[in-house]
Amino acid sequence: MAADKRGLKADQEGLAILARNTETLVGGLFAVAVALAVAAFSMDSSLLAKESALVFILDIFFIWFFRDPERRAKGPEDVILSPADGKVVDIRDNTACIFMNIHNVHVNRAPLAGKIVKMKHKDGGYLPAFFKDSHRNERNLICIESDYGLVRIVQIAGTVTRRIDTYFNVGDRVVRGERIGMIRFGSRVDITPPDGYTLIVNKGDRVKAAISAIAIRNTTGPDYPSHHAGG
């Protein structure tokens, strides 16, 4: 699979792993914590021992924050899945805006299978991503041409975020539910389905990437279960 070729560790369903490009940070903090602990022991320094404990706690936080549980997309191939974990904070112009809080998984996934035909990064500010005027924030547009039309995904940086990682380039093909990138810390992802689709989420719904259905084709039928993942 494409994900394996890019080193995105894929294993059994439910396995918690680290998001891509975060191993160096986590490993570096662990090394610092160990070095401080060794120095504290050899110098009998309570101050160094406290600093070691603080760095270790920070490392544990990053391991939790950068978690990337393995998931497998389910349901009909034409059903658009959520590209992000979080809460739907707005529905506007057939676009669902999903806010990712600090406790959510921040790895984004492809809502449909297809080819990336456009990517555009735009520099900007760092207002809270749930604000309506966060259209001025740094963002990254990803357009996926699927068998059912063009899907637009916009990754939006938040207050703390200073980096948007994207795992693919224009011309690459993605699999439905495959990891496509990550936004660090509080941030937002907007998704606009192709023409002929109806959003089946509402403001306030909680969704999970590659699991929750976001939109269905008008030909799929209204009886498709519009389940929303909590938490």
Side-chain angles (χ1 to χ4, degrees), residues 1-23 26 61-89 96-116 140 142 144 146-148 151-156 161 164-168 172-193 197 199-201 205-217 220 224-231:
M1 292 177 60
D4 298 325
K5 293 179 181 178
R6 292 167 176 79
L8 306 181
K9 307 171 187 177
D11 201 343
Q12 62 192 43
E13 186 172 9
L15 178 65
I17 59 179
L18 284 176
R20 184 180 178 181
N21 300 329
T22 61
E23 296 90 345
V26 170
F61 166 76
F62 279 124
I63 290 174
W64 169 79
F65 180 80
F66 291 131
R67 68 196 184 281
D68 183 13
E70 184 65 24
R71 295 175 182 174
R72 296 175 184 172
K74 297 179 180 179
E77 290 297 318
D78 63 342
V79 171
I80 294 180
L81 300 177
S82 176
D85 286 24
K87 181 180 180 179
V88 179
V89 294
C97 306
I98 304 168
F99 176 70
M100 296 183 290
N101 214 323
I102 195 168
H103 59 77
N104 295 124
V105 173
H106 274 56
V107 175
N108 303 145
R109 293 175 176 264
L112 280 179
K115 181 179 180 180
I116 297 179
N140 186 54
I142 303 174
I144 300 175
S146 73
D147 291 340
Y148 312 102
V151 183
R152 290 171 50 91
I153 304 165
V154 182
Q155 300 170 297
I156 304 173
T161 306
I164 300 176
D165 289 336
T166 305
Y167 299 161
F168 292 90
D172 291 336
R173 299 196 67 85
V174 293
V175 177
R176 182 169 174 264
E178 184 175 12
R179 302 170 178 88
I180 59 173
M182 178 181 186
I183 320 176
R184 305 196 178 195
F185 303 100
S187 44
R188 199 178 91 201
V189 176
D190 293 353
I191 177 168
T192 306
Y197 271 81
L199 291 171
I200 57 173
V201 290
D205 286 342
R206 296 189 181 276
V207 294
K208 286 191 175 182
I211 294 178
S212 303
I214 288 287
I216 59 173
R217 294 172 69 199
T220 302
Y224 183 81
S226 56
H227 58 281
H228 311 306

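Because the structure is a prediction, the values reported are computed rather than measured. For the numbers below, each heavy atom of this structure counts, side chains included, while hydrogens, waters and symmetry mates do not.
Distance alone, capped at 3.5 Å, places no donor-acceptor pair between the Thr166 side chain and the Phe168 backbone. Without hydrogens or angle criteria, Arg176 side chain to Val79 main chain gives a donor-acceptor distance under 3.5 Å. At distances below 3.5 Å, at least one donor-acceptor pair connects side-chain atoms of Asp85 with backbone N or O atoms of Ala209.
Arg71 has its side chain within reach of Val105: a pair of non-hydrogen atoms, C-beta onward, lies under 4.5 Å apart. Residues Gln155 and Ser187 fail the side-chain proximity criterion, which asks for heavy atoms closer than 4.5 Å. Residues Leu112 and Pro193 have side chains not in contact (no heavy-atom distance under 4.5 Å, counting atoms from C-beta outward). With contacts defined as side-chain heavy-atom distances shorter than 4.5 Å, the pair Asn108/Ile153 does not qualify. Between Phe66 and Asp68, the closest side-chain pair of non-hydrogen atoms is not below 4.5 Å. Between Tyr167 and Glu178, the closest side-chain pair of non-hydrogen atoms is not below 4.5 Å.
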Quiz item: Could you walk me through whether Val201 and Ile98 pass the side-chain contact (heavy atoms from CB on, under 4.5 Å) check?
Solution: CA-CA 11 Å; Val201 290; Ile98 304 168; over 6 Å; no
Practice problem: Could you walk me through whether Ile156 and Ile183 pass side-chain contact (heavy atoms from CB on, under 4.5 Å), step by step? | Solution: CA-CA 8 Å; Ile156 304 173; Ile183 320 176; 5.7 Å; no
Practice problem: Could you go through the side-chain contact (heavy atoms from CB on, under 4.5 Å) check for Ile214 and Leu199 one step at a time? | Solution: CA-CA 6 Å; Ile214 288 287; Leu199 291 171; 3.7 Å; yes
Practice problem: Could you walk me through whether Phe99 and Asn104 pass side-chain contact (heavy atoms from CB on, under 4.5 Å), step by step? | Solution: CA-CA 9 Å; Phe99 176 70; Asn104 295 124; 5.9 Å; no
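Here the shortest heavy-atom pairing between Met100 and Ala84 reads SD-CB, 3.7 Å. The minimum heavy-atom distance linking Lys115 with Arg173 is given by the pair CB-NH1, 3.5 Å. Counting all heavy atoms, side chain and backbone alike, Pro69 lies closest to Arg109 at O-NH2, 3.1 Å. Across all their heavy atoms, Arg206 and Lys87 have their closest contact at NH1-CB, 3.9 Å. Closest approach of Ala73 to Leu81, counting heavy atoms only: CB-CD1, 3.5 Å. Nearest heavy-atom pair across Ser212 and Val207 is OG-CA, 3.5 Å.
Ring pair Phe65/Phe61 is parallel by interplanar angle, where below 30° counts as parallel and above 60° as perpendicular.
Rounding to the nearest 0.5 angstrom, the gap separating the NZ atom in Lys74 from the CD1 atom in Ile211 is 8.0 Å. If you take CD1 on Ile216 and OH on Tyr148, they are separated by 13.5 Å, rounding to the nearest 0.5 Å.
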